[in-house]
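The structure appears below as structure tokens.
Side chains included, hydrogens not; waters and symmetry mates left out as well; all remaining heavy atoms used. Labels below follow one simple rule: chain letters A, B, ... track the order of the sequence lines, proteins then strands, and each chain is numbered from 1.
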2 protein chains.
Amino acid sequence: MTKKVKEIIPCDDSCPVKATLKILGGKWTLLILFQINDDVMRYGELKRAIPEISEKMLIQELNMLVEKKLVSKKAYPEIPPRVEYRLTDLGLKTLPIIATFVEFGQENLV
Amino acid sequence: MTKKVKEIIPCDDSCPVKATLKILGGKWTLLILFQINDDVMRYGELKRAIPEISEKMLIQELNMLVEKKLVSKKAYPEIPPRVEYRLTDLGLKTLPIIATFVEFGQENLV
DNA sequence: AATTAATCTAACCAAAAAGTAAGTACCCTA
DNA sequence: TAGGGTACTTACTTTTTGGTTAGATTAATT
């Protein structure tokens, strides 16, 4: 009779949960994606949709999301300026994640 | 012809995404739940499964998860000590969330 | 001529989260 | 009697994150 040894596979950098967390793990990230959803949102609209976020964080997160190619940005050369954000194809793929967040929250928390 | 006004519903404390984020938003939380999964895990096993986490953070997160009723803890009065963690019914409900993280990571990142 | 509007930037500081390192407890084995 | 195993705990420091304030832009409105 051999001693049973539980095999532990240490999670490394290829852990998909970790990889996803790296992009979506911020305090505001999922909330912003959730608000944009499959719509077009202006900067000011997002600000009103997430009132507690500071302008700095909103811009910072949006820039990050554009850089990571989850969000595309279109600025119109107008005065006053108009900038529209929407999800890219990659960004749209986060919507199922957000849907599970919504469901868990609705059924168990709020 | 009336000016089109986009209706913005500001997300308040009842936003399900925010509520879920409040519990699952930590740097290590989802990773720990992912490792426990539908299994029984000892403290030391979790430590080996997530090598980069510090003991302090692991304990802190586990305590938080027990307090939030996502994880149950069973300590055996033995020397050396043995403590087992497993997901509660509520904790098991986070597995679909984690599954979407895994899928997104596998298909788009790793 | 001053004000307003919308989007963004930069500098600075505060708070929160996470990391580090050491120590505690207890019995067993060598 | 020294060291090892397991699960924590504490005090301290660093890093990350977030908040505040001020300012740039420039055409149209007051």
Side-chain angles (χ1 to χ4, degrees), chain A residues 3-6 8 10-11 13 15 17-18 21-33 35-36 40-68 71-86, chain B residues 3-6 8 10-11 13 18 21-33 35-36 40-68 71-86:
Chain A
K3 188 181 176 187
K4 70 159 177 259
V5 171
K6 184 164 181 177
I8 303 286
C11 70
D13 286 336
C15 171
V17 176
K18 252 171 74 177
L21 238 21
K22 213 168 176 177
I23 292 185
L24 303 181
K27 178 172 174 184
W28 300 105
T29 319
L30 283 177
L31 219 45
I32 292 170
L33 295 172
Q35 288 295 336
I36 302 179
V40 188
M41 292 283 276
R42 294 185 58 175
Y43 169 79
E45 289 173 337
L46 282 170
K47 218 172 68 171
R48 282 194 296 283
I50 313 174
E52 314 99 308
I53 199 174
S54 66
E55 297 199 341
K56 177 188 137 185
M57 287 311 295
L58 181 52
I59 295 268
Q60 194 171 296
E61 287 285 300
L62 284 169
N63 288 341
M64 182 276 278
L65 288 168
V66 168
E67 195 194 332
K68 302 276 188 191
V71 166
S72 66
K73 170 177 179 174
K74 181 165 185 188
Y76 295 84
E78 301 174 359
I79 293 295
R82 178 159 62 108
V83 182
E84 288 179 349
Y85 295 93
R86 73 187 73 204
Chain B
K3 188 182 177 188
K4 72 160 177 254
V5 171
K6 183 166 183 178
I8 302 287
C11 71
D13 286 335
K18 254 172 74 177
L21 237 23
K22 212 168 177 178
I23 292 185
L24 303 181
K27 179 173 174 183
W28 300 106
T29 318
L30 282 176
L31 218 45
I32 292 170
L33 294 172
Q35 288 296 334
I36 301 180
V40 187
M41 292 284 274
R42 295 185 57 175
Y43 169 80
E45 289 173 339
L46 282 170
K47 217 173 68 172
R48 283 193 296 282
I50 312 173
E52 314 100 307
I53 199 173
S54 66
E55 298 198 338
K56 176 190 130 182
M57 287 310 296
L58 181 52
I59 296 268
Q60 193 171 297
E61 287 285 299
L62 284 170
N63 287 341
M64 182 277 277
L65 288 168
V66 168
E67 196 194 331
K68 302 276 189 193
V71 166
S72 66
K73 170 178 178 172
K74 182 167 184 187
Y76 295 84
E78 299 174 358
I79 296 292
R82 177 160 62 107
V83 182
E84 289 179 350
Y85 295 92
R86 75 187 71 204

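Candidate nucleotides C/dC26, D/dG18, C/dT7 were compared by shortest atom distance to the side chain of B/Ile79, and C/dC26 ranks first. Comparing D/dG5, D/dG19, D/dA11 by their closest approach to the side chain of B/Pro80 singles out D/dG5. Closest to the side chain of A/Ser54, out of C/dT7, D/dG19, D/dT6, is D/dG19. Of the candidates D/dT20, C/dT7, D/dC8, D/dC8 carries the atom nearest the B/Lys73 side chain, counting heavy atoms from C-beta on.
Distances shorter than 4.0 Å separate none of the side-chain N or O atoms of A/Tyr85 from OP1 or OP2 on C/dT7. Listed pair A/Arg42 / C/dA6 fails the phosphate criterion, with no side-chain N or O lying under 4.0 Å from OP1 or OP2.
A salt bridge links A/Lys18 to B/Glu52: at least one charged side-chain nitrogen sits closer than 4.0 Å to a carboxylate oxygen.
Near DNA chain C, defined here as any heavy-atom distance below 4.0 Å, there are no residues from residues 58-67 of chain B.
Distance OG1/A/Thr29 to CG/B/Leu21: 8.0 Å, rounded to 0.5 Å. The distance from the OH atom of A/Tyr85 to the CG atom of A/Leu46 is 8.0 Å, given to the nearest 0.5 Å.
In this structure, B/Glu45 atom CD and D/dA7 atom C1' are separated by 13 Å, rounded to whole Å. When rounded to the nearest whole Å, the span between CD1 of B/Ile50 and P of C/dG19 equals 12 Å. Protein atom CE of B/Met57 is 9 Å distant from nucleotide atom P of C/dA17, rounded to whole Å. Put simply, OH on A/Tyr43 is 11 Å from P on C/dA6, counting in whole angstrom units. Distance A/Lys56 NZ to C/dA10 C1': 10 Å, rounded to the nearest Å. The CD-P distance, from A/Glu84 to C/dC8, rounds to 11 Å in whole Å. Remark: P of D/dT17 and NZ of A/Lys22 are 12 Å apart, rounded to the nearest angstrom. Protein atom CD1 of A/Ile53 is 13 Å distant from nucleotide atom P of D/dT20, rounded to whole Å.
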- Task: Let me see the working for B/Leu65 and B/Ile36 under side-chain contact (heavy atoms from CB on, under 4.5 Å), right down to the final yes or no.
- Result: CA-CA 12 Å; B/Leu65 288 168; B/Ile36 301 180; 5.7 Å; no
- Message: One pair to check against side-chain contact (heavy atoms from CB on, under 4.5 Å): A/Arg82 and A/Tyr43. What are the steps and the verdict?
- Response: CA-CA 8 Å; A/Arg82 178 159 62 108; A/Tyr43 169 79; over 6 Å; no
- Run the numbers on B/Trp28 and B/Leu58 for side-chain contact (heavy atoms from CB on, under 4.5 Å), then give the verdict. CA-CA 8 Å; B/Trp28 300 106; B/Leu58 181 52; over 6 Å; no
- Start with the C-alpha gap between B/Tyr76 and B/Val83, add the side-chain angles, then the distance that decides, and say whether side-chain contact (heavy atoms from CB on, under 4.5 Å) holds. CA-CA 6 Å; B/Tyr76 295 84; B/Val83 182; over 6 Å; no
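Positionally, the nearest nucleotide of DNA chain D for B/Arg48 lies more toward the 5' end than for the other of B/Arg48 and A/Trp28.
For A/Glu55 against C/dC8, a side-chain N or O and a base N or O form a donor-acceptor pair under 3.5 Å.
At a threshold of 4.0 angstrom between heavy atoms, the contacts of A/Lys27 are confined to the sugar-phosphate backbone, with no base atom among them. Looking at heavy-atom distances under 4.0 Å, A/Tyr76 makes no contact with the nucleic acid at all.
With respect to B/Glu84, the side chain to side chain contact (heavy atoms under 4.5 Å, CB included) criterion is satisfied by exactly one of B/Met41, B/Arg42, B/Lys73: B/Arg42.
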